[in-house]
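This structure is a prediction, so every number in the text was calculated from the model and none was measured. Remember, it's 1-based here, ligands and their atoms both numbered in the order they're listed. Throughout, numbering of the chain's residues begins at 1 and tracks the sequence.
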Amino acid sequence: MENEVFKVTGGSRLSGQVHVPGAKNSALKLMTASLLAAGTTQLENVPDIADVEIMAELLTRLGAQVNRDISNSTLEIKVPENIGHRADYDLVRRMRASINVLGPILARCHEVDVALPGGDEIGSRGVDMHIAGLTKMGAEFNSDHGYLIARAPKGLHGARIWLDIPSVGATENILTAAVLAKGETVIENAAREPEIVDLCLMLNKMGAQISGIGTNTISIIGVTKLTATTHEVVGDRIVAGTWAVAAAITQGEVTVTGVNPTHLQIPLEKLMSAGAQIEIANDSFTVRMTQRPNPVEIVTLPYPGFPTDLQPQFIVLNSIANGAAMVTENLFEARFRFTQELARLGADLQIDGHHCLVKGRLQLSAAPVEATDVRAGAALVLAGLIADGVTVVSGVSHIDRGYANFVSNLTSLGATIERTRESI
Ligand code: EPU
């Protein structure tokens, strides 16, 4: 059997400039939100990643026509007056963000059948808060042969909803249902990630009435109809943060453009504690590092806390730091699974529940490793950049889900990396 792999040769110092595209975790949600209005939605700054393809396939099955122009990063979605109401298992299992069609389809059709996503490589990933919120708005839920079936024969109405934790997905599904519900919905303890702000901004352009955007209390007054619009996807803070760590661990100097640095406030502060110099501009920042990193304590939390999606990359940074640091993961219970692969490169890691004690080593040692999810995959490539020898990372399809032009971006910064096929 042949398998696609990345071969990374360690030892290069990264330097230069890299541009980040729109955020995966915004683009996918904006695509589902297009279902809320018949007509043509135009999305700009859409990343060239595998997950966008999967979402385009899902929208197509629901009756939309999706045209992608990779040369100028745009996506045109033509949504008909009547859309389908079923999201099939073969797509949902490939991409968990498919669950985000729940809110928009329920709002438009008053009925929806979505395959239950199940758990994945990073955790169990329940949908109980999505269901509880939409139930308060008048939907009735059942599960049948692996599908979540929701019906709201009388339509949805506004409600006051308190989330147990500020779940990104639950906030989004409730938001996208509430914009067309009757009356006012208030989401308390809502998530406030920049990608949620982006979604709210697009929905308001479509005619929605959302206030409290970017705070933990979002209020939505339902309207009867929305109009398709044009929207530019917010820059990807996680891709930007990944390049920032790559610059720091290779003692390089990299300017990252296309992202709002305030979306990365805590990660950039952590890099400064690690010894990096950071220069901030409006929509770019530069990371310069001239020393072995100092260890940095990390605790992942919902935004504006430290993002779980940068936790694996910072474990890599700590793995070559001049001391020990504790990394605490509060969002996904299985997100430390990748550390077993990182240990193959010689990293000194001790896991105790949701804590990982990382003791810095002078250097990592190249070995074959397997990417288990998108961020773990990116982190293992970063580890390869600071290992002696050639690290072969398999499971690269995980990385392709979230990083556009990953190899060419790294190559342009001076890394030695190639995509190739290997027999396994
Ligand atoms: N949770 C529940 N019940 C729910 C909803 C969430 O128990 O009803 C739990 C989850 O199992 C998880 C925690 O709450 O343990 C946080 O989940 P959340 O709903 O906030 O996350 P998500 O919407 O499933 C999105 C991103 C993730 C990112 C998280 C946190 C997308 C497509 N995914 O997931 O991105 O880590 O928010 O910021 O937007 C990635 O890009 O690599 C990625 C995993």
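Here the heavy atom of the protein found nearest to atom 4 (C) of ligand 1 is G126 O, 3.0 Å. Protein heavy atom nearest atom 15 (O) of ligand 1, with residue, atom name and distance: L331 O, 2.5 Å. Scanning all protein heavy atoms for the shortest distance to atom 30 (C) of ligand 1 gives T308 CG2, 4.0 Å. For atom 20 (O) of ligand 1, the closest non-hydrogen atom on the protein side is V168 N, 2.8 Å. Here the heavy atom of the protein found nearest to atom 41 (O) of ligand 1 is R375 NH2, 2.8 Å. Of all protein heavy atoms, the one lying nearest to atom 36 (O) of ligand 1 is D309 OD1, 2.6 Å. Of the protein's non-hydrogen atoms, D128 OD1, 2.6 Å is the one closest to atom 3 (N) of ligand 1. Closest to atom 10 (C) of ligand 1, if we only count protein heavy atoms, is R125 CA, 4.0 Å.
By the 4.5 Å heavy-atom criterion applied to side chains, I220 and L203 are not counted as neighbours. Within the 4.5 Å cutoff, the side chain of V316 has no heavy atoms near those of the V245 side chain. For the pair T391/L380, no side-chain contact is recorded, criterion being any heavy-atom separation below 4.5 Å from C-beta on. When side chains are defined from C-beta on, T176 does not count as touching T32, because their heavy atoms never get closer than 4.5 Å. Side-chain atoms of V296 and L317, non-hydrogen and from C-beta on, do get closer than 4.5 Å to each other.
Within the structure, the closest approach of K29 to ligand 1 falls below 4.0 Å when heavy atoms are considered. Using a 4.0 Å heavy-atom cutoff, I122 is listed among the residues neighbouring ligand 1. No heavy atom of E195 sits closer than 4.0 Å to any atom of ligand 1. Residue contacts with ligand 1: R335 is included, with a non-hydrogen atom under 4.0 Å away.
A salt bridge is absent between R375 and D373: the closest approach of a Lys/Arg side-chain nitrogen to an acidic carboxylate oxygen does not fall below 4.0 angstrom. With salt bridges taken as basic N to acidic carboxylate O contacts below 4.0 Å, one links K29 and E172. Using a cutoff of 4.0 Å between basic side-chain nitrogens and carboxylate oxygens, R151 and D113 are scored as salt-bridged.
Ligand 1 places these atoms under 4.0 Å from at least one heavy atom of G169: 19 (O), 23 (O). Taking every non-hydrogen atom of V374 and a distance limit under 4.0 Å, the qualifying atoms of ligand 1 come out as 42 (O). Listed by atom number, the atoms of ligand 1 under 4.0 Å from F332 heavy atoms are 12 (C), 15 (O), 21 (O), 29 (C), 36 (O). Proximity to K24 (heavy-atom distance under 4.0 Å) selects the following atoms of ligand 1: 40 (C), 41 (O).
T257 and H19 share a side-chain donor-acceptor pair at under 3.5 Å. Between the side chains of E44 and T74, not a single donor N or O lies within less than 3.5 Å of an accepting N or O.
Under the 30°/60° scheme for interplanar angles, the aromatic rings of H263 and Y303 are found to stand perpendicular.
For E172, no heavy-atom contact with ligand 1 is shorter than 4.0 Å. Contact annotation for I165 and ligand 1: only side-chain heavy atoms (C-beta onward) come within less than 4.0 Å of the ligand. With a 4.0 Å heavy-atom cut-off, ligand 1 is reached by the backbone of M129 and by its side chain too.
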| query | When you look at R237 and E195, which way does the salt bridge (charged side-chain N to carboxylate O under 4.0 Å, His left out) test go after all the steps? | reply | CA-CA 10 Å; R237 65 196 163 100; E195 296 77 27; 2.8 Å; yes

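Looking at E333 next to ligand 1, no N or O pair under 3.5 Å apart turns up. Looking at ligand 1, you won't find any N or O of A97 less than 3.5 Å from one of its N or O atoms.
Nearest to atom 26 (C) of ligand 1 by heavy-atom distance, out of N25, I238, L301, is N25.
Under a 3.5 Å cut-off, the side chain of Y89 and the backbone N or O of Y147 do not form any donor-acceptor pair.
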